[in-house]
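For the numbers below, each heavy atom of this structure counts, side chains included, while hydrogens, waters and symmetry mates do not. To find a chain, count down the sequence lines: A is the first, B the second, and so on, and within it residues start at 1.
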Number of protein chains: 2
Amino acid sequence: MNKLPTIKEIAKRLNVSVSTVSRALRDHPSIGLVTTMRVQKVAKEIGYEVNRSAIHFKERKTYSIGVVLPSLSEPFFSAALTGVEDAAEANNYNVIIGQSLENFEREKRIVENMKDHRVDGILVSLTKETSTYDHFDNLKKYNIPVVFFDRVPNKRDINFVSCNLHSGMLQAISKLVSMGHKRIGLINGPAKLAATRQRLQIYASCLKENQLVLEQDIIVSTDLSKAGNLKAIHKLIALDESPTAVIVFNDYVLLDCIAAVKAAGLKVNSDISFVSFANLPIWEYMDSLPLASIEQFAYRQSSMAAEFLFKLINNAAIPGATELPPLQHIIDSEMVLYHSAK
Amino acid sequence: MNKLPTIKEIAKRLNVSVSTVSRALRDHPSIGLVTTMRVQKVAKEIGYEVNRSAIHFKERKTYSIGVVLPSLSEPFFSAALTGVEDAAEANNYNVIIGQSLENFEREKRIVENMKDHRVDGILVSLTKETSTYDHFDNLKKYNIPVVFFDRVPNKRDINFVSCNLHSGMLQAISKLVSMGHKRIGLINGPAKLAATRQRLQIYASCLKENQLVLEQDIIVSTDLSKAGNLKAIHKLIALDESPTAVIVFNDYVLLDCIAAVKAAGLKVNSDISFVSFANLPIWEYMDSLPLASIEQFAYRQSSMAAEFLFKLINNAAIPGATELPPLQHIIDSEMVLYHSAK
DNA sequence: GCATTTTACGCAAACGGTTGCGTGAAAATT
DNA sequence: AATTTTCACGCAACCGTTTGCGTAAAATGC
């Protein structure tokens with residue numbers, strides 16, 4: 001346990017005060033040139049490095065931000081994390097990670113833990129289960145700013161970056177219509193999810209914008225289990241007049257749908273076309289591709305959220321600063337075509 | 001910027017000294033019961049919480065560990081991270097993340113940054129590029145222990161947990177032999193990778209243990225690019241006497257191989273069988289499965305590595321403790337059959 | 001040559017909590 | 001009743017660095 005050299009050590013060697021050393025190391029103008037040089041020379045010799053813990057303590061900052069998100073096994077979130085990391089590095093921050101694993105209690109524990117460790121700010125993408133936000137509101141007391149991204153609370157006056165699914169969906173549905181599709185179904189998620197309600201609403205408006213009528217029989221939902229997914233797609237292909245195209249809740253659901261459709265003897269992209277919400281980067285390896293995916297820009301969302309967070313952190317650091325208004329941004333999604341070549 | 005309550009605040013209110021408050025809050029026996037109660041009551045009333053930064057500073061600990069790994073977009077590493085998180089939570093630590101993205105310079109920067117932030121220890125899975133370890137040796141000076149997992153340095157006297165591929169490979173090759181395969185090829189990685197040399201060696205010994213001879217013509221390699229992967233598999237299927245089974249470097253390579261084999265009109269698992277090293281959890285959705293994968297237990301490796309790290313950290317904390325010998329463990333890989341049912 | 005400004009540095013407090021040691025008063029022992 | 005022990009608490013240093021303020025000495029002005 002050999003101690004690391006401190007500024008005291010340098011002071012002792014040079015017979016100057018610690019304050020002089022401290023200033024000399026930071027090139028403070030009120031320290032003479034020769035002294036400054038001598039201090040810096042000795043500092044280098046004995047391998048001095050500032051003890052950030054001391055500074056953090058003094059400044060009441062830790063120079064680390066927390067990011068809590070559902071699961072890094074989802075490519076969307078691991079891409080998002082990279083966005084956070086890059087922004088953090090640019091701001092000389094480091095990143096404390098917490099995976100909520102879609103578990104509300106775990107999310108609460110993680111936030112609590114991050115608060116205890118006095119992170120300077122927190123980025124969050126919510127659990128599917130999360131519908132109360134007390135554990136975040138609570139952070140105000142500690143002056144810990146929070147920015148949400150992608151999975152954001154249904155609430156005003158919060159800082160967030162999210163993705164507008166409408167633009168991508170409109171592109172997709174317009175594309176389908178231009179290809180002659182008239183019955184475009186929807187396999188939605190569980191009713192309790194905010195994402196589900198949102199998708200339905202956007203789906204409806206996109207149909208309208210293409211002069212198509214909303215037909216309830218081609219709107220089904222899945223609980224996101226494999227069985228649920230299969231049930232949903234079967235319901236659609238069993239109809240007298242099946243939809244020729246289907247918007248699917250996400251790529252995982254789509255994988256099951258494609259398998260089911262094939263098993264039923266139908267051909268993907270000729271008998272039935274799919275559009276999904278992109279979260280898997282594996283389509284290039286698959287035999288059957290969806291027509292398109294709706295890209296939600298994980299990296300852009302998270303890095304912009306991180307920028308917001310640093311803005312809030314830095315603003316709080318300047319003494320008389322007035323509180324910033326809520327920082328909010330919505331990124332347009334985009335359709336990405338896969339099958340166009342064939 | 002309203003200040004958080006401190007122990008001074010409590011002391012003032014109760015007209016006792018801060019030391020008494022400090023002790024009362026931790027139920028120190030030398031403080032009278034009534035005083036203790038009064039202190040704790042006031043503490044609760046004003047919502048006091050310890051400032052960990054202060055303690056961290058005093059104890060010269062940050063109660064956070066760093067984990068640096070190639071990329072969380074690989075399911076192997078995101079599973080590994082979950083193992084680290086769970087172990088960290090059990091030990092009241094938090095986890096600072098850094099993705100090296102297979103970039104040596106970035107790995108160095110991350111380690112440097114973690115050192116600056118005085119993490120109590122670091123877990124590492126190396127970049128493919130990494131072949132020098134000075135940036136880790138350097139951490140000794142700061143008493144920051146390091147434990148490697150999965151991708152470990154080729155070096156003695158280090159702490160590590162890794163996975164022995166031999167056991168899984170032996171199971172797989174034995175299985176293939178029992179199914180009648182006699183020519184079992186290998187698509188290996190780039191020569192410069194340590195993993196490549198290791199796989200070749202194990203492949204050779206497993207053949208030997210099954211009384212098969214090593215044939216150079218059915219050992220090919222890929223640079224892991226798509227083109228390289230295709231070239232490798234084509235080389236094998238173009239042989240007069242193609243192998244009936246192939247051990248493949250990893251799942252990404254395998255995806256290309258399967259596509260190529262199909263395109264060539266061959267049937268997977270009848271004309272040619274594959275065994276790969278598991279890193280993708282997506283096989284359940286694929287049309288063509290490999291016969292088996294060799295499971296390397298990301299979660300187990302990383303959580304054991306984390307345990308090692310905490311052992312080292314805690315050992316360093318007790319004053320007269322002698323240094324621990326290198327903590328090392330090798331987990332046996334296992335074959336996981338996919339195709340057995342069909 | 002004396003008053004004034006500037007230069008270069010030191011002192012000490014502060015950040016929040018922990019802890020070894022000291023001490024007066026109460027309790028126990030003889 | 002005198003002595004010893006126990007109890008309950010306070011004092012002060014410490015962790016490493018920053019920073020406002022004070023001040024000798026040097027430089028400048030007249």
Side-chain angles (χ1 to χ4, degrees), chain A residues 1-40 42-43 46-63 115-118 120 142-143 317-319, chain B residues 1-40 42-43 46-63 115-118 120 142-143 317-319:
Chain A
M1 276 300 263
N2 45 339
K3 292 235 192 104
L4 263 31
T6 72
I7 153 176
K8 280 185 192 168
E9 180 64 27
I10 303 178
K12 197 178 294 175
R13 293 208 185 197
L14 260 48
N15 247 327
V16 295
S17 71
V18 290
S19 46
T20 300
V21 176
S22 173
R23 292 189 173 104
L25 289 171
R26 335 181 87 229
D27 286 314
H28 193 285
S30 86
I31 302 297
L33 192 59
V34 280
T35 316
T36 300
M37 302 283 280
R38 294 202 317 152
V39 166
Q40 294 189 356
V42 172
I46 67 177
Y48 168 81
E49 284 173 88
V50 291
N51 178 335
R52 309 215 182 221
S53 293
I55 299 179
H56 296 172
F57 164 54
K58 197 172 195 318
E59 294 188 352
R60 294 187 193 77
K61 293 181 72 173
T62 56
Y63 290 93
K115 181 214 69 185
D116 282 348
H117 279 265
R118 293 285 197 278
D120 293 349
Y142 304 94
N143 298 311
I318 64 178
Chain B
M1 274 302 261
N2 45 340
K3 292 237 192 105
L4 264 31
T6 73
I7 99 177
K8 279 185 192 166
E9 181 64 29
I10 304 177
K12 196 177 294 174
R13 292 208 186 199
L14 261 48
N15 246 326
V16 295
S17 71
V18 289
S19 47
T20 299
V21 175
S22 174
R23 291 189 174 101
L25 288 171
R26 337 180 86 227
D27 287 314
H28 193 285
S30 86
I31 301 297
L33 190 59
V34 279
T35 316
T36 301
M37 301 282 279
R38 294 202 315 151
V39 167
Q40 294 189 356
V42 172
I46 66 176
Y48 169 79
E49 284 173 89
V50 291
N51 178 336
R52 308 214 182 220
S53 294
I55 299 180
H56 296 171
F57 165 52
K58 196 175 196 315
E59 293 188 353
R60 295 187 193 74
K61 293 181 73 173
T62 56
Y63 289 93
K115 181 215 70 189
D116 281 349
H117 279 265
R118 293 285 198 275
D120 293 350
Y142 304 94
N143 297 310
I318 65 179

What integer distance in Å separates B:Glu9:CD from C:dC15:P?
12 Å

Say you draw a straight line from CE of A:Met37 to OG1 of A:Thr35; how long is it, rounded to the nearest 0.5 Å?
11.0 Å

B:Arg26 CZ to D:dA8 C1': how many Å, rounded?
18 Å

B:His56/B:Tyr63 under ring-ring contact (aromatic ring centres under 6.0 Å, His included): CA gap, chis, key distance, verdict:
CA-CA 7 Å; B:His56 296 171; B:Tyr63 289 93; 5.3 Å; yes

Among B:Val21, B:Leu25, B:Leu4, B:Val42, which residue satisfies the side-chain contact (heavy atoms from CB on, under 4.5 Å) criterion with B:Tyr48?
B:Leu25

B:His28 NE2 to C:dC21 C1': how many Å, rounded?
12 Å

Value rounded to 0.5 Å, distance of CD1 in B:Ile10 from CG in B:Asn15:
14.0 Å

Taking all heavy atoms of B:Pro5 and all of B:Gly47, pick out the closest pair and write down the distance.
CG-O, 3.6 Å

Report each atom pair, protein N/O against N/O of nucleotides 9-16 of chain D, whose distance is under 3.5 angstrom.
residue: D:dC9; atom: OP1; partner: B:Thr35; partner atom: OG1; Å: 2.1
residue: D:dC9; atom: OP2; partner: B:Gly32; partner atom: N; Å: 2.5
residue: D:dC9; atom: OP2; partner: B:Thr35; partner atom: OG1; Å: 3.0
residue: D:dG10; atom: OP1; partner: B:Ser17; partner atom: N; Å: 3.3
residue: D:dG10; atom: OP2; partner: B:Ser17; partner atom: N; Å: 3.0
residue: D:dG10; atom: OP2; partner: B:Ser17; partner atom: OG; Å: 2.8
residue: D:dG10; atom: OP2; partner: B:Thr20; partner atom: OG1; Å: 2.1
residue: D:dG10; atom: O6; partner: B:Arg23; partner atom: NH1; Å: 3.2
residue: D:dC11; atom: N4; partner: B:Ser19; partner atom: OG; Å: 2.9
residue: D:dC15; atom: OP2; partner: A:Lys8; partner atom: NZ; Å: 3.2

Residues pairing under salt bridge (charged side-chain N to carboxylate O under 4.0 Å, His left out) where one sits in residues 17-38 of chain A, two or more places apart or in two chains, turn out to be none

Tell me the interatomic distance from A:Arg52, atom CZ, to D:dT18, atom P, rounded to whole angstroms.
11 Å

Criterion side-chain contact (heavy atoms from CB on, under 4.5 Å) against A:Ile31, the qualifying member of A:Val16, A:Val39, A:Thr36
A:Thr36

Rounded to whole Å, please give me the gap between CD in A:Glu59 and C1' in C:dG16.
15 Å

Which of A:Val50, A:Asn51, A:Ile55 passes side-chain contact (heavy atoms from CB on, under 4.5 Å) with A:Ser53? It is A:Asn51

Between protein and nucleic acid, restricted to nucleotides 22-26 of chain C and to nitrogen or oxygen atoms under 3.5 Å apart, what atom pairs and distances do you find?
none

